[in-house]
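Worksheet: the structure to be examined is printed underneath.
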Amino acid sequence: MKNLSVLFVLFLFSLRPAFTQELQSPEEFLGYEIGTRFTRHADVVKYFEFIAENSSLVQYHTYGKTNEFRPLTYAAISSEENLQNLETIRTDHLKSAGIVAGSAEGTSAKAIVWLSYNVHGNESSSTEAAMQTLYELINSKKEWLKNTIVIIDPCLNPDGRDRYANWYNQVKADPYNSSPTATEHDEPWPGGRPNHYLFDLNRDWAWATQVETRQRLKIYNSWMPNIHVDFHEQGINEPYYFAPAAEPFHEIITPFQREFQTEIGKNHAKYFDEKGWLFFTKERFDLLYPSYGDTYPIYMGAIGMTYEQAGGGDAGLGIETGEGFELTLIDRVAHHTATGLSTVEVASQNVEKLNTEFNKFFHNDNLLYKSYALNGSPDKITALKKLLDFHEISYSRATAGKIKGFNYNQNKIADFNSTENTLIVNTAQPKGKMVKVLFEPSAVLTDSLTYDITAWSLPYAYGLDAVATTRAISGSKTVNASPVNNKATPAGAGYITKWDSMQDARFLAEMLNEGIKVRFSEIPFENENQKFKSGSLVITKSDNRKLENFDSKLIEVANKFNRQLTVAASSFSTSGPDFGSSEIKNINKVRIGVLRGEGTSSLNYGEIWHFFEQELNYPISSINTGDLDNKVLSGMDVLIFPSGNYDSILNNQKMKELKSWVKSGGKVIAIENAVSSFAGKEGFELKENKPETKKDSTEKGNLTPYNLRERESIKNLITGSIVKTEVDNTHPMAFGYDDTYYSLKLNNNSFILLKDGYNIGYLKENPEIISGFAGSEAVKKIKNSMIFGEEEMEKGSFIYLVDNPLFRSFWENGKLFFVNSIFFVNNEDMNRY
Ligand SMILES: [Zn+2]
């Protein structure tokens, strides 16, 4: 028996491939030629695991998981010797650049190339190419690995990729059908591009609102590669796009970063010309908005690039293009594999130059603004610090005094009072260039032809007072305030707490979830001579007398959310309304419906869904637009119309039903393009603002030269600029706000000021564009227009959010308008159960 078991063990060993054995290609491992099927994410992971187990040139790690529990992974690929010293190589790389303290241990520097695949789930040739690239690197390209570390993240968006691949596998013909009209080329809403919450992960690098980004940034910051490539796909009729990129370039991009893009592009061109593959460069894909997979790495010192293959959700395994040939997945994979390998080749030929220039990038003594100082609500400062932590940007706190510099609120050089709670962010730190990009009042635009937002300055986004100074302000280490420790006071009449931040909103949501009844004050009041602003929450003993352990439960929730409660010994107010006054209104635990599906913007629906689940933690019902009827309405108190086009959904009958539901106390919240669905309709005072066009110019005919047609058209464009907005903060929708708000204007939609309804946010005669590009005609169109409004209809209301306060979830200061709309605006007639 003994001998037999030894034999059995030997037999098992013989099944394990030794390191020296020929490694299986993706085709051999998966059982089909790469490009003839879409590989499920789990099988991609299996192939990487197989290679890592059997090759001494590959290490493979899991760095997190997605919302749908798929693993996020990366492989480090290099020579055996380098992999044995990988930790030293990594830390030496950071030390040489001054990103972490200490001096390098003396290993010769290596080039670090990071290849990111399939951030858009339905641009699916990239993950297939990741497997092929891995295989070729460790077989035919070993030479390059002597001085280069390649990091491959085979799939940044596994949930989106599998959404696409699984759908395609379900509907495809066998063999596949290349006719563009076949169902396999018509991806249904919402498509595989975004992640679980329908966010575009290639707009999220800097804002880090999504779990994929947050977990990736930890690994990214621990490596800080010399080169980063983001693999994409574009329309089926395009050739291949690679670097150099198009203008505008952000001014922070160094001459070397520009030149080296060209060097890499020329190397790709060599291979593409050899094979007779078409490509283009220097067009369309610009380098400005900081949240892309090319710009973010650039602002972090890398050569950041986007590569675009023809393909995407329409393409399937093969499709007839407009140019009369069939575009196949096999070809798409070949192109992405070629550029990936060519990138590594150029890196390996330029290790020294790449590192010399990389190390220089992190010296930031010559930037105009040396420090940014920020004041404001401690909750907003905390939220901003959390964002800076994701990027490993350091900050400190000031001392009391006066600081002179560019004052954001006054939009000019002015004094600014600092306290020891003032947050200081200096540019003289390794990530100082990223600090500049994120904080500077306006980015310089070398060209206004860009189709993403052109403004994102964080002080405006977070609603903080700020100053930018040309002299460095030294600060001391920030200290976290000790957590609040409320004590139950059963003898009092109740508790009062402030209302001005998302943390307050989360606290409210949790109280409602816990069955605690809460009120808010519609006007300011004083209790025992302490002043409370409009919107302050009042939690009374009287309302909660049936709740067991009310005091201890409330204290527990308040302490969990770090909210300071003020004990009110009596509900008698020293000034203003008492707790029993009709000005202290009950907050209903509203039932919220959110429309989704055909007609809605998947991005905006996703922002709303994500907001309720991940930011507010309050339940919603998602409703397909096709299912909207009286029965659905009768189960809701609030119905949210995400940005979208509802013309075909809101036919006369549906509109009648919706209006009668609102008249009986329902509340509609319409966001961005959804607002247009109600403009000019019967019974609404809402109207679009259509400035008269000058007659003579149209009578003359179009005299714009053909070659200037694109430039001319941008006069009408606003694609994302910051506009100073007047606010009526006596209206419940604006509780917690000052009388001005910096709105991120995403388009030139414009509605006239309501005459009977309320204009809570609005632009006056001369709208002040604080930051970013706005075309001259577009600016004319938005003057005297409503940004946030409420139109009452009998007992209910239509609430209009012309600017989307949840855009990409990064405009932190807009979110409370949305919360207020749900819980505060016109809620008195909503007890219709
Ligand atoms: Zn893409």
Side-chain angles (χ1 to χ4, degrees), residues 26-27 29-45 47 68 70 117-133 154-196 198 200-202 230-241 275 277-279 306-340 597-598 602:
E27 177 172 351
F29 183 83
L30 297 164
Y32 50 84
E33 184 190 352
I34 284 287
T36 58
R37 282 191 208 168
F38 287 107
T39 312
R40 291 183 322 128
H41 183 254
D43 294 331
V44 175
V45 171
Y47 182 64
E68 296 171 17
R70 291 183 179 87
Y117 294 90
N118 233 141
V119 62
H120 290 146
N122 59 2
E123 297 172 5
S124 47
S125 70
S126 0
T127 290
E128 309 291 341
M131 291 188 282
Q132 193 63 33
T133 305
C155 190
L156 279 68
N157 178 12
D159 293 348
R161 178 184 164 88
D162 268 3
R163 188 183 314 129
Y164 172 75
N166 291 342
W167 164 79
Y168 183 83
N169 289 338
Q170 285 163 29
V171 303
K172 76 175 276 282
D174 187 21
Y176 69 82
N177 186 335
S178 64
S179 161
T181 53
T183 189
E184 65 201 69
H185 304 296
D186 184 19
E187 210 188 352
W189 190 98
R193 176 184 171 96
N195 76 344
H196 171 78
L198 308 184
D200 185 334
L201 293 178
N202 191 35
D230 205 29
F231 289 87
H232 287 263
E233 290 190 326
Q234 52 185 337
I236 60 165
N237 293 316
E238 308 289 343
Y240 198 97
Y241 163 82
K275 300 265 189 185
W277 297 337
L278 274 183
F279 60 86
T306 290
Y307 296 168
E308 298 267 357
Q309 162 62 42
D314 294 344
L317 292 180
I319 188 166
E320 292 300 331
T321 67
E323 297 194 346
F325 67 91
E326 187 183 318
L327 172 70
T328 64
L329 183 60
I330 292 174
D331 290 342
R332 289 151 62 196
V333 174
H335 303 162
H336 265 344
T337 305
T339 52
E598 286 309 324
S602 61

Please report the shortest heavy-atom distance between [X] and [Y], naming the atom on each side.
X	Y	result
Ala338	Trp277	CB-CZ3, 3.7 Å
Ala165	Phe38	CB-CB, 4.0 Å
Gly121	Asn118	O-ND2, 3.2 Å
Tyr117	Ala130	CD1-CB, 3.5 Å
Gln234	Glu308	NE2-O, 3.2 Å
Tyr168	Gly316	CE1-CA, 3.3 Å

After noting the C-alpha distance and the side-chain angles of Thr36 and Ile330, does the key distance pass the side-chain contact (heavy atoms from CB on, under 4.5 Å) rule?
CA-CA 7 Å; Thr36 58; Ile330 292 174; 3.8 Å; yes
Out of curiosity, [X] [atom1] to [Y] [atom2], how far, rounded to the nearest 0.5 Å?
X	Y	atom1	atom2	answer
Leu327	Ile236	CG	CD1	7.0 Å
Asp200	Leu198	CG	CG	11.0 Å
Glu68	His196	CD	NE2	5.5 Å
Ser124	His41	OG	NE2	13.0 Å
His232	Ser125	NE2	OG	11.5 Å
Glu128	Thr39	CD	OG1	3.5 Å

Could I get the full list of salt bridge (charged side-chain N to carboxylate O under 4.0 Å, His left out) partners for Asp162, not counting sequence neighbours?
Arg70
Is the closest side-chain donor-acceptor distance between His120 and Asn157 under 3.5 Å?
no
Checking the side chain of Arg163 only, and the main-chain atoms of Pro194 only, is there a donor and an acceptor separated by less than 3.5 Å?
yes
Judged by atom type as modelled, is there a donor-acceptor pair below 3.5 Å linking the side chain of Glu184 to the main-chain atoms of Asn177?
yes
Restricting to pairs with a member in residues 326-339, which pass side-chain hydrogen bond (donor to acceptor under 3.5 Å, both in side chains), not counting sequence neighbours?
Tyr176-Glu326, Glu233-Arg332, Tyr240-His336, Tyr240-Thr339, Gln309-His335, Thr328-Asp331
Can you list the steps and then say if Asp43 with Leu30 is a side-chain contact (heavy atoms from CB on, under 4.5 Å)?
CA-CA 8 Å; Asp43 294 331; Leu30 297 164; 4.1 Å; yes
Quick one, Phe231 with Thr127, criterion side-chain contact (heavy atoms from CB on, under 4.5 Å). Give me CA distance, side-chain angles, the key distance, then yes/no.
CA-CA 9 Å; Phe231 289 87; Thr127 290; over 6 Å; no
